[in-house]
Each structure stands twice: as structure tokens, then as C-alpha cells.
> 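Dropping the structure in here first, questions after.
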Amino acid sequence: MMTVAASRALAGRRTCFVGIGLPSLAANLARATCAPGIVLIYESGTIGSKPDRPPLSIGDGSLAETADTVVSSAEIFNYWLQPGRIDTGFLGAAQLDRYANLNTTVIGDYRRPKVRLPGAGGAPEIAASCQETIVIVRHTKRIFVDRIDFTTSVGHGDGPGARERLGLRGAGPVKVITDLGVLEPDPETRELVLVSAHPGTDPADAAAETGWPLRIAPDLATTDPPTPGELGALRALNS
């Protein structure tokens with residue numbers, strides 16, 4: 001349900017800068033269903049990749065073999081990403097706060113971390129410069145924390161006006177999609193609000209797995225269940 005909901009968020013988008021893992025699976029599902037013309041871009045320099053299975057990393061050979069073209073990482077970042085030429089960035093995270101700031105660096109103190117994570121990669125630039133960002137994570141208190149241990153990628157900072165003060169080009173996270181529902185930033189406060197619950201879930205479940213008092217939209221929607229076509233395409237990708 002989470003992957004299908006995330007893929008639907010790419011309907012109508014032209015270009016997507018894709019992270020590895022769940023973002024890549026959802027982006028490739030979108031290409032097979034609701035966004036057949038979307039151009040998928042990976043930070044290794046592949047533009048227009050069309051893998052028939054989830055890539056293991058940005059260096060997976062299937063990305064280059066199926067790409068429209070391959071350029072240097074410097075070109076990807078300096079020409080395509082930083083000037084705002086990419087519509088959507090698709091990211092995951094190990095921690096996320098109420099303003100959709102992301103941590104993929106360390107859990108615990110930076111100098112003496114409990115866990116050292118894979119690190120930033122291109123995520124800070126994606127979050128800063130794509131016209132918008134979509135985040136896909138599992139909804140647990142381990143991830144949805146009141147205060148992240150390290151700010152790897154800025155979402156909406158400390159609230160209204162934070163991105164503008166920092167000089168960030170893009171609009172920041174517009175959706176956070178989890179296994180329990182869909183959250184969007186409040187237009188005024190920029191705090192995440194649960195706007196849709198997936199079938200079979202209760203908004204109380206999402207609130208219980210959030211490290212701050214989660215706001216729930218008064219007109220809370222229910223996510224449409226996966227269609228047979230979406231399930232078939234997803235199973236084909238995972239086969």
C-alpha cells in the first residue's frame with residue numbers, strides 16, 4: 001500500500017531524482033502505471049533509466065544499461081539538480097521530525113553515535129533544489145521523532161519561512177508517505193498533518209507511532225486500495 005500510494009504521487013510529474021530502496025521501487029512502479037513518460041534520474045549520472053527490477057544501488061548496471069544517457073555526477077548536480085531543472089526528489093530517511101527534516105547520518109551523538117548510517121549522498125542537494133520532495137518511510141516512533149539526532153536534509157526547517165531564509169530553491173517536502181497513511185505540511189505552520197489513512201488502519205495507530213502530538217486533518221481521507229493493474233506491475237518488478 002505504501003509503495004502504491006507513493007507511486008501515485010508521481011502522476012503528472014516529468015522528472016524525478018530517485019533514491020535507492022523504497023523510493024526507487026515506487027518510482028519505477030509509477031513509470032509502469034500512472035507516469036509512463038516520467039524520466040528517472042539517479043545520482044550516479046543515469047538519465048531516463050528503465051530498470052525491470054529494483055536496483056541494488058546507484059551503481060547497479062541496470063541503470064546505465066537502460067538509461068537514455070549517462071553523464072558525470074558533476075553534471076547531474078551542477079547542471080540538472082542545483083538550478084532547479086528536476087521536478088521531484090524522492091527520498092527515504094532513518095529519522096524525520098514534524099517539519100519533515102531528515103536524518104540519514106547518525107543515530108545518537110555525532111561523535112559517539114549509537115549507529116552510523118550510510119550518510120547523506122545526494123539527499124541534501126535533492127531536498128534543497130528539486131522543485132518538490134516526496135518522502136517515503138515506515139511509520140514508527142523510531143523514525144518519527146520529536147527531534148532528529150542530525151539534520152542531513154532540510155525539510156521545512158523550524159517552520160514558516162525557514163527554507164527562504166536558508167536560500168533553498170525548492171518547495172521542500174510536499175508529501176510524506178508511510179505504511180499507515182499520507183502526511184502533508186500545513187500551509188501555514190509547515191507541520192506535518194495526517195491527511196489520508198490507508199485501508200484497514202486507524203488514525204490512532206499513526207498518532208501512537210509518532211514522537212510528537214500528531215495533527216489529523218478534520219476531513220481525513222481513506223487511501224484508495226491498490227488496483228489489480230498496480231499489484232501486477234509491482235509483482236513484476238519484484239519478481
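Here the structure is a predicted model, which is why all the values come from computation and not from measurement. Note that the numbering runs from 1 along the sequence shown for the chain.
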> Any side-chain heavy-atom pair from Leu10 and Cys16 closer than 4.5 angstrom?
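They are in side-chain contact.
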
> Give me the atom names and distance for the closest heavy-atom approach of Leu194 to Leu220.
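So the two residues come closest at O-CD1, 3.5 Å.
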
> Measuring from Leu117:CG to Phe150:CZ, what's the distance to the nearest 0.5 Å?
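That separation rounds to 10.5 Å.
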
> Is it true that Arg147 and Asp97 make a salt bridge, defined as a side-chain N closer than 4.0 Å to a carboxylate O?
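Salt bridge: no.
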
> Nearest 0.5 Å, what's the SG-CZ distance between Cys130 and Arg13?
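The SG atom of Cys130 sits 12.0 Å away from the CZ atom of Arg13.
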
> Any sub-3.5 Å donor-acceptor pair from Ser196's side-chain atoms to Thr223's backbone N or O?
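Here the side-chain-to-backbone pair exists.
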
> Salt bridge or not between Glu230 and Arg8? Use side-chain N to carboxylate O under 4.0 Å.
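Counted as a salt bridge, because a side-chain N and a carboxylate O are separated by less than 4.0 Å.
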
> Using the side chain to side chain contact (heavy atoms under 4.5 Å, CB included) rule, take Arg138 and Met2 through it: C-alpha gap first, then chi angles, then the decisive distance, then the call.
CA-CA 8 Å; Arg138 298 195 181 278; Met2 175 169 58; 3.4 Å; yes

> Any ion pair linking Asp158 and Arg165 (charged N to carboxylate O, less than 4.0 Å)?
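Yes, charged N to carboxylate O under 4.0 Å.
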
> Decide, yes or no, whether a salt bridge links Arg14 with Asp87 under the criterion of side-chain N to carboxylate O below 4.0 Å.
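A salt bridge links Arg14 with Asp87.
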
> Looking at every heavy atom in both Lys141 and Thr210, which two are closest together, and how far apart are they?
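For Lys141 and Thr210, the tightest heavy-atom pair comes out as CE-O, 3.7 Å.
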
> Thr104 versus Pro118: any side-chain heavy-atom pair under 4.5 Å?
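When only atoms from C-beta onward are counted, Pro118 and Thr104 do not touch, as no gap falls below 4.5 Å.
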
> Are any non-hydrogen side-chain atoms of Gln131 and Ile86 less than 4.5 angstrom apart?
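SC-SC contact between Gln131 and Ile86 ruled out.
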
> Looking only at heavy atoms, which two atoms of Pro199 and Met1 are closest? And how far apart?
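Scanning both residues, the minimum pair turns out to be CD-SD, 3.7 Å.
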
> Side-chain donor-acceptor pair under 3.5 Å between Ser49 and Thr66, yes or no?
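Absent: no donor and acceptor within the cut-off.
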
> To the nearest 0.5 Å, what is the distance between OG1 on Thr15 and CG on Leu40?
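If I round to the nearest 0.5 Å, the distance is 9.5 Å.
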
> Evaluate the ring planes of Phe17 and Phe77, with Trp represented by its six-membered ring, and classify them as parallel (under 30°), tilted (30 to 60°) or perpendicular (over 60°).
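Aromatic pair Phe17/Phe77 classed tilted.
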
> Is Glu184 paired with Lys175 through a side-chain N to carboxylate O contact shorter than 4.0 Å?
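Salt bridge: yes.
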
> For the backbone of Ile177 and the side chain of His139, can you confirm whether one donor and one acceptor N or O come within less than 3.5 Å of each other?
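No: the side chain of His139 does not pair with the backbone of Ile177.
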
> With a 4.5 Å heavy-atom cut-off, do Asn28 and Pro51 have their side chains touching?
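Answer yes - side chains close enough.
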
> Could you tell me whether the side chain of Asn103 reaches within less than 4.5 Å of the side chain of Leu96, counting heavy atoms only?
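A side-chain contact under 4.5 Å is absent here.
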
> For Pro113, does its backbone N or O pair with a side-chain atom of Arg116 as donor and acceptor, under 3.5 Å?
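It does not hold such a pair.
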
> Do Ile216 and Leu192 land in one hydrophobic cluster if side-chain heavy atoms of ILVMFWY residues count as linked below 4.5 Å?
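As far as the 4.5 Å side-chain criterion goes, Leu192 and Ile216 are connected within one cluster.
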
> Inspect the surroundings of CZ in Arg85 and state if more than 12 heavy atoms from other residues, nucleotides or ligands are less than 6.0 Å away.
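Result for CZ/Arg85: enclosed.
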
> Kindly write out the residues that satisfy ring pair (Phe, Tyr, Trp, His ring centres under 6.0 Å) with Tyr99, not counting sequence neighbours, or none if the list is empty.
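For Tyr99, no residue satisfies ring pair (Phe, Tyr, Trp, His ring centres under 6.0 Å) once neighbours in sequence are set aside.
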
> Tell me, with the steps shown, if Thr105 and Thr152 meet side chain to side chain contact (heavy atoms under 4.5 Å, CB included).
CA-CA 6 Å; Thr105 303; Thr152 307; 2.6 Å; yes

> Give a yes or no answer on whether the side chain of Arg169 reaches the backbone of Gln82 with a donor-acceptor pair at less than 3.5 Å.
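Yes.
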
> Please report the shortest heavy-atom distance between Val18 and Ser24, naming the atom on each side.
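Minimum heavy-atom contact is CG1-CA, 3.4 Å.
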
> Rounded to the nearest 0.5 Å, what separation is found between the NE2 atom of His156 and the CG atom of Leu168?
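CG of Leu168 is found 10.5 Å from NE2 of His156.
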
> Heavy atoms, side chains only, cut-off 4.5 Å: are Val176 and Val137 in contact?
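Side chain of Val176 against side chain of Val137, heavy atoms only: contact under 4.5 Å found.
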
> What distance do Ser73 atom OG and Tyr42 atom OH have between them, rounded to the nearest 0.5 Å?
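Here the interatomic distance stands at 14.5 Å.
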
> Evaluate the side chain to side chain contact (heavy atoms under 4.5 Å, CB included) criterion for residues Leu102 and Leu91: first the C-alpha distance (whole Å), next the side-chain angles of each, then the deciding distance (0.1 Å), finally the verdict.
CA-CA 9 Å; Leu102 309 179; Leu91 295 172; 4.0 Å; yes

> Got a donor-acceptor contact below 3.5 angstrom from the Gln95 side chain to the Asp149 backbone?
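Side chain of Gln95 to backbone of Asp149: a pair is present.
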
> What heavy-atom pair brings Ile126 and Leu81 nearest, and what distance separates the two atoms?
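Of all heavy-atom pairs spanning Ile126 and Leu81, the closest is N-CD2, 3.8 Å.
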
> What are the two closest non-hydrogen atoms of Thr201 and Asp179, and how far apart are they?
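Distance-wise, the nearest heavy atoms are CG2-O, 4.4 Å.
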
> Establish whether Val135 and Val195 are linked, either directly or via other cluster members, by ILVMFWY side-chain heavy-atom contacts under 4.5 Å.
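No: no chain of side-chain contacts under 4.5 Å links Val135 to Val195.
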
> Can you get from Ile20 to Leu237 by hopping between Ile, Leu, Val, Met, Phe, Trp and Tyr side chains that sit under 4.5 Å apart?
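Ile20 does not cluster with Leu237.
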
> Do Val106 and Phe144 share a hydrophobic cluster (ILVMFWY, side-chain heavy atoms under 4.5 Å, transitive)?
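Not linked; separate clusters.
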
> Is a donor on one side and an acceptor on the other found under 3.5 Å between the side chain of Arg163 and the backbone of Val154?
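Yes; judged by distance alone, with no hydrogens or angles, the pair exists.
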
> Are the side chain of Thr46 and the backbone of Val70 linked by a donor-acceptor contact shorter than 3.5 Å?
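No, the answer is negative, given that no donor and acceptor are paired below the 3.5 Å cut-off.
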
> Between Arg31 (side chain only) and Ala27 (backbone N and O only), is there a donor and an acceptor less than 3.5 Å apart?
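No: the side chain of Arg31 does not pair with the backbone of Ala27.
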
> Output yes when Arg53 and Asp60 qualify as a salt bridge under the 4.0 Å nitrogen-oxygen rule, no when they do not.
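Looking at Asp60 together with Arg53, the answer is yes, because their closest N to O distance falls below 4.0 Å.
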
> Between Lys50 and Asp68, is the closest basic N to carboxylate O distance under 4.0 Å?
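Judged by the 4.0 Å cut-off on N to carboxylate O distance, Asp68 and Lys50 do form a salt bridge.
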
> Can Thr88 and Glu132 be counted as having a side-chain donor-acceptor contact under 3.5 angstrom?
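Yes, a side-chain donor-acceptor pair sits under 3.5 Å.
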
> Just verifying a value: how many Å separate Ser7 OG and Leu29 CG, rounded to the nearest 0.5 Å?
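Separation between the atoms: 4.0 Å.
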
> Please evaluate residues Thr189 and Arg215 with respect to the criterion side chain to side chain contact (heavy atoms under 4.5 Å, CB included), reporting the C-alpha separation (whole Å), side-chain torsions for both, the decisive distance (0.1 Å), and the verdict.
CA-CA 11 Å; Thr189 67; Arg215 290 178 54 194; 3.5 Å; yes

> Decide yes or no for Pro54 and Asn238: does some side-chain heavy atom of the first lie under 4.5 Å from some side-chain heavy atom of the second?
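Answer yes - side chains close enough.
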
> With clusters defined by side-chain heavy atoms of hydrophobic residues (ILVMFWY) lying less than 4.5 Å apart, directly or transitively, does Val71 cluster with Ile41?
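Same hydrophobic cluster.
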
> For a 4.5 angstrom cut-off between non-hydrogen side-chain atoms, does Val174 reach Ile134?
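A side-chain contact under 4.5 Å exists here.
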
> Closer than 3.5 angstrom, by distance alone: can the side chain of Asn101 be matched with the main-chain N or O of Thr151 as a donor-acceptor pair?
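No.
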
